[in-house]
Amino acid sequence: MKKRLRIILMGGLGLLCFSSCYYDQLVEEEIPDIPIDEPISFRDDIQPLFIGNDRDCTTCHNGNVANPDLTEGNAYDAIVPEYVVLGDGENSQFFRELPGNNHPVEAGFVLTVDEIALIKGWIDRGAENN
Ligand code: HEC
């Protein structure tokens, strides 16, 4: 009996925390689909999202603190194939766990919906090293 009470209490606390403690919710806005005939380049469109504009993924994603390593020259091989399902952004960890979209820890900033859409679109197109 005592044990059951404890389980109920813990569950209640867990639920409370789930609704109020979680800091990086799934994006609430819908991620727009970029028309498939618009090319997306890893070098020109994706790599620049990782550093600059008041953000720096590489303070953590640098080969020491967190994976994947997002530093220039290393990022592509670190992301592909481990963190993507080629051609399927929706089911790729590199889309599903971005700052602004369910990133596992507080990054200090979030990507915009349009930036997240670019990453998804790049994976949808086969995550090429282009
Ligand atoms: C404050 C440190 C920090 C910053 C800044 C940060 N991350 Fe992370 N990120 C982490 C940690 C810690 C994990 C958990 C995975 C690990 O420990 O290797 C993680 C996980 C991820 C994952 C899921 C991979 C996995 O193994 O769980 C992705 C994708 C990711 N980050 C992308 C990014 C991107 C893109 C940026 C910049 C826009 C960014 N992160 C900024 C610390 C950070």
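Order of listing sets the numbers, starting from 1, for every ligand and every atom in it. Scope of the values below: all heavy atoms of this structure, side chains included, with no hydrogens, waters or symmetry mates.
Counting heavy atoms closer than 4.0 Å to ligand 1, residue Asp56 contributes backbone atoms (N, CA, C, O) but none from C-beta onward.
Annotation: the span from Asn91 atom CG to Phe95 atom CZ amounts to 9.5 Å, rounded to 0.5 Å. We find the CD1-CG distance between Ile51 and Asp54 to be 12.0 Å, quoted to the nearest 0.5 Å.
The protein non-hydrogen atom at the shortest distance from atom 18 (O) of ligand 1 is Asn67 N, 2.9 Å. Nearest protein neighbour of atom 29 (C) of ligand 1, counting heavy atoms only, is Phe94 CD1, 3.5 Å. The closest protein non-hydrogen atom to atom 25 (C) of ligand 1 is Gln93 NE2, 3.4 Å. Taking atom 26 (O) of ligand 1 as the reference point, the nearest protein heavy-atom neighbour is Tyr83 CE2, 3.5 Å.
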Using distance only, find each side-chain donor-acceptor pair of residues 33-40 under 3.5 Å and give its atom names and separation, not counting sequence neighbours.
from: Asp33; atom 1: OD1; to: Lys120; atom 2: NZ; distance (Å): 3.3

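Partners of Asn53 according to the side-chain hydrogen bond (donor to acceptor under 3.5 Å, both in side chains) rule, which considers only residues two or more places apart in sequence or in another chain, do not exist here.
Ile119 and Phe109 are assigned to two separate hydrophobic clusters, defined by single-linkage of ILVMFWY side chains at heavy-atom distances under 4.5 Å. Taken together through direct or relayed side-chain contacts under 4.5 Å among Ile, Leu, Val, Met, Phe, Trp and Tyr, Phe42 and Leu111 form part of one hydrophobic cluster.
Among residues at least two apart or in separate chains, side chain to side chain donor-acceptor pair (under 3.5 Å) pairs with a member in residues 74-86 are Asp69-Asn74, Thr71-Asn74.
The ligand atoms of ligand 1 that sit less than 4.0 angstrom from a heavy atom of Leu70 are 34 (C), 35 (C).
Within a 6.0 Å radius of CD in Glu72, no more than 12 heavy atoms belonging to other residues, nucleotides or ligands are found.
Inspection of the environment of atom 8 (Fe) of ligand 1 yields the following protein N, O or S atoms under 2.8 Å: His61 NE2, His103 NE2.
The shell of residues lying under 4.0 angstrom from ligand 1, judged by heavy atoms, includes Phe109. No heavy atom of Val110 sits closer than 4.0 Å to any atom of ligand 1.
Remark: the backbone N or O of Leu70 is paired with a side-chain donor or acceptor of Gln47 at under 3.5 angstrom.
A side-chain donor-acceptor contact under 3.5 Å links Thr58 and Asp56.
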